[in-house]
Amino acid sequence: MNGRPLFFFFLLPCLMDVFALALHSVALAWESSKVRNYVSKPYMDEIFHVPQAQRYCMGDYASWDPKLTTPPGLYIISRGFSILSTAVGVDGCTPSALRMTNIFFSLGLLFVIDSLIGCLHPTSPAIRSRYALALVWFPVLFFFNGLYYTDTGSTFFVLLSYLLVNKRHYWAAGTAGIVSVTFRQTNIIWVLFFMVLVIIQTLEDASKKSKETTAVYNPTFSNVTQFGDIVCSVKSLVVNTLYNIPTILPNVLVFGIALTGFAGFLVWNGGIVLGDRSNHLAGYNVPQLFYFSSFLSFFMAPWILNIKNISEVLMTLTKPKQLAMYFIGLVLSLYTVHKFTYEHPFLLSDNRHYTFYIWKNIYRRHWSVRYILTPFYLLSVKLNIAAIVPYVSVLHVIGYVFTLVLTLVPSPLLEFRYFIVPFLFYAVHFQPQLKRTYLAIAFYSIINLATLYMFFNRTFEWASEPGSSQRFMW
């Protein structure tokens, strides 16, 4: 197996820029302290997660709350932490102690992202670490570090799996992918994507050792000049995979086990959702892709919103062929918005989430708004593509788009937490730039302070639950 020894990964804390690590540690300590002081009792989804974890702490692994929709990976790891904390005389199963699980995951995520950026864009440790710091302060992710939710752990294991793929530690990568699925079922789509990347890498490495193996045709996307290049890339992947199964199989075996095991889970469970199925029915929420693209453009703005990228987007609209493609895309998008826009009951009934106010004050202001926004969705897509294509290959883009479709479109609920992994996966491939990274850190810090201020200080009550404080959150 290629790559540096696996133990090199565990040296990451020694290589991490001390400034970034110290700053993130202080930020997490501050957030954790504030949450402990202001929100001492389980809040929102914690009312399901915390009691379930506490059952595991008591050794009760058979009981299961039917309202829980995700697997028990978080609770199992928290149980492991509780055993260690009990050994030193600390109760590891209080709500505050359970929340610390995500603090550890967030620190680990900083190391993972820092190393990923180093793999993808060799640069100075200072630039790399500050870019990693900006990404772990990405507001939607940072907010949930202080609560007992599955998002931080899920993100950690997905990106850890991708990091290990890039370091050619395929068995470890597959194992991390399996663990990620125990946090969120849809992570199996990322595992499938990573398996395809392993196949591409394996064929590439084999072609360097033997003339009998041909590397997959996989040019950088910015070098693609015609649609035929994309077809050739896909054909090259399929043909070379079929001709080199014995070479590929050892490296994808763990990924295959993960996919087979998940297929067995679907048969046993009768579907992908564990509990509360009536509120989590899969659908065809295609506009979810438009919402994500807008979300991506907004949070990547400090890096991608520049004259070069904007000019490139506008220039395409001056070319007849590109303009024709844009209008065809616009017609299809308008049809998609008309046919597949879905309003989940939770979106309209829970005024604690920012998505409630976005939908109420923008999309529900007038029936035409959703159609008026469609041209801007397409411009957002063009901007996101223009910014990233110099850094990624054709097959990488295709795999990412398929992963987006399979993870976001079936979800009937507009939930920003579902965008965390797709956002970070896009972001780690972007070439870090120091000045703009400082701008992003400032931008994210302002948003984090504002949303946490709202969460801690701007409480309100529901008439149906007098005396119980409700809080604004992502």
Chi angles and distances behind the side-chain contact (heavy atoms from CB on, under 4.5 Å) call for Val191, Ser180: CA-CA 9 Å; Val191 173; Ser180 77; 4.3 Å; yes

Evaluation steps, side-chain contact (heavy atoms from CB on, under 4.5 Å), between Leu23 and Ile441: CA-CA 11 Å; Leu23 209 54; Ile441 289 174; 5.8 Å; no

Pair Phe292-Phe423, ring-ring contact (aromatic ring centres under 6.0 Å, His included): steps then yes or no: CA-CA 8 Å; Phe292 172 70; Phe423 171 84; 7.8 Å; no

From CA spacing to verdict: salt bridge (charged side-chain N to carboxylate O under 4.0 Å, His left out), Arg471, Glu46: CA-CA 13 Å; Arg471 301 175 183 274; Glu46 286 187 319; over 6 Å; no

Derivation of the side-chain contact (heavy atoms from CB on, under 4.5 Å) call for Leu373 and Tyr363: CA-CA 9 Å; Leu373 290 175; Tyr363 289 94; 3.8 Å; yes

Stepwise side-chain contact (heavy atoms from CB on, under 4.5 Å) check, Phe290 with Ser333: CA-CA 9 Å; Phe290 299 143; Ser333 299; 3.5 Å; yes

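Inspection of the Tyr371 and His338 side chains reveals an N or O donor paired with an N or O acceptor under 3.5 Å. For the residue pair Trp474/Thr355, the side-chain donor-acceptor check at 3.5 Å is not satisfied. Side-chain contact, Asn187 with Ser154: a donor N or O sits under 3.5 Å from an acceptor N or O. No hydrogens or angles considered: a donor-acceptor pair under 3.5 Å links the side chains of Ser106 and His24. Judged purely by distance below 3.5 Å, without hydrogens or angles, the side chains of Thr407 and Thr186 never pair a donor atom with an acceptor atom.
For Asp114 (side chain) and Leu110 (main-chain N/O), no donor-acceptor pair under 3.5 Å exists by modelled atom type. At least one donor-acceptor pair closer than 3.5 Å links the side chain of Arg436 to the backbone N or O of Pro302. Checked by atom type and distance alone, the side chain of Asp229 never pairs as donor or acceptor with a backbone atom of Ser233 at under 3.5 Å. Distance alone, capped at 3.5 Å, is enough to place a donor-acceptor pair between the Tyr357 side chain and the Asn351 backbone. Without hydrogens or angle criteria, Thr451 side chain to Asn448 main chain gives a donor-acceptor distance under 3.5 Å. The closest donor-acceptor contact from the side chain of Asp350 to the backbone of Phe346 lies at 3.5 Å or more, if one exists at all. A donor-acceptor pair under 3.5 Å is formed between the side chain of Thr175 and the backbone N or O of Trp171. Proximity of a side-chain donor or acceptor of His366 to a complementary backbone N or O of Ser368 within less than 3.5 Å is detected. Here the side chain of Glu312 pairs no donor or acceptor atom with the backbone of Ala386 at under 3.5 angstrom. Without hydrogens or angle criteria, Ser411 side chain to Leu408 main chain gives no donor-acceptor distance under 3.5 Å.
Nearest heavy atom pair, residue Ser297 against residue Leu383, reads OG-CD2, 4.4 Å. Between Ile304 and Ala387, the shortest heavy-atom contact is CG2-CB, 3.4 Å. Pairing each heavy atom of Met454 with each of Tyr354, the nearest pair is CB-OH, 3.5 Å. Closest non-hydrogen pair, Asn102 versus Tyr148, comes out as ND2-CA, 3.9 Å. Contact detail for Leu28 and Ile103: the closest heavy-atom pair is CD1-O, 3.9 Å. Of all the heavy atoms in Ala258 and Ile188, the pair that sits closest is O-CD1, 3.9 Å.
Annotation: side chain of Val136 is not in contact with side chain of Phe142 (no heavy-atom distance under 4.5 Å). Residues Arg128 and Pro432 form no side-chain contact, since every pair of their non-hydrogen atoms from C-beta on lies 4.5 Å or further apart. Using a 4.5 Å heavy-atom threshold, the side chains of Val196 and Leu237 count as touching.
Outside the 6.0 Å centre-distance limit, the rings of Tyr170 and Phe194 are not counted as a close aromatic pair. Taking the ring centroids of Tyr162 and Phe425, they lie under the 6.0 Å cut-off. Under the 6.0 Å cut-off for aromatic ring centres, Phe183 and Phe157 qualify, their centroids lying closer than that. Taking the six-membered ring wherever Trp is involved, the centroid distance between the rings of Phe419 and Phe299 does not fall below 6.0 Å. Aromatic pair Phe460/Phe472: ring centres closer than 6.0 Å.
Each of Tyr438, Trp303, Tyr444 was evaluated against Tyr131; a single residue qualifies, Trp303, per the ring-ring contact (aromatic ring centres under 6.0 Å, His included) test.
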Taking distance alone, no hydrogens or angles, what donor-acceptor pairs closer than 3.5 Å link side-chain atoms of residues 396-403 to residues at least two apart or in another chain?
{"residue": "His396", "atom": "NE2", "partner": "His429", "partner atom": "NE2", "Å": "3.3"}
{"residue": "Tyr400", "atom": "OH", "partner": "Pro422", "partner atom": "O", "Å": "2.8"}
{"residue": "Thr403", "atom": "OG1", "partner": "Gly399", "partner atom": "O", "Å": "2.7"}

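Going from atom CG of Leu141 over to atom CG of Leu135 covers 9.5 Å, rounded to the nearest 0.5 Å. Interatomic distance, Tyr217 OH to Leu395 CG, rounded to the nearest 0.5 Å: 10.5 Å.
No salt bridge links Arg184 with Glu415; every basic N to acidic carboxylate O contact stays at or beyond 4.0 Å.
The aromatic rings of Phe265 and Phe262 lie tilted to each other, with the angle between the two planes from 30° to 60°. The aromatic rings of Phe144 and Tyr149 are tilted relative to each other, their planes meeting at an angle between 30° and 60°.
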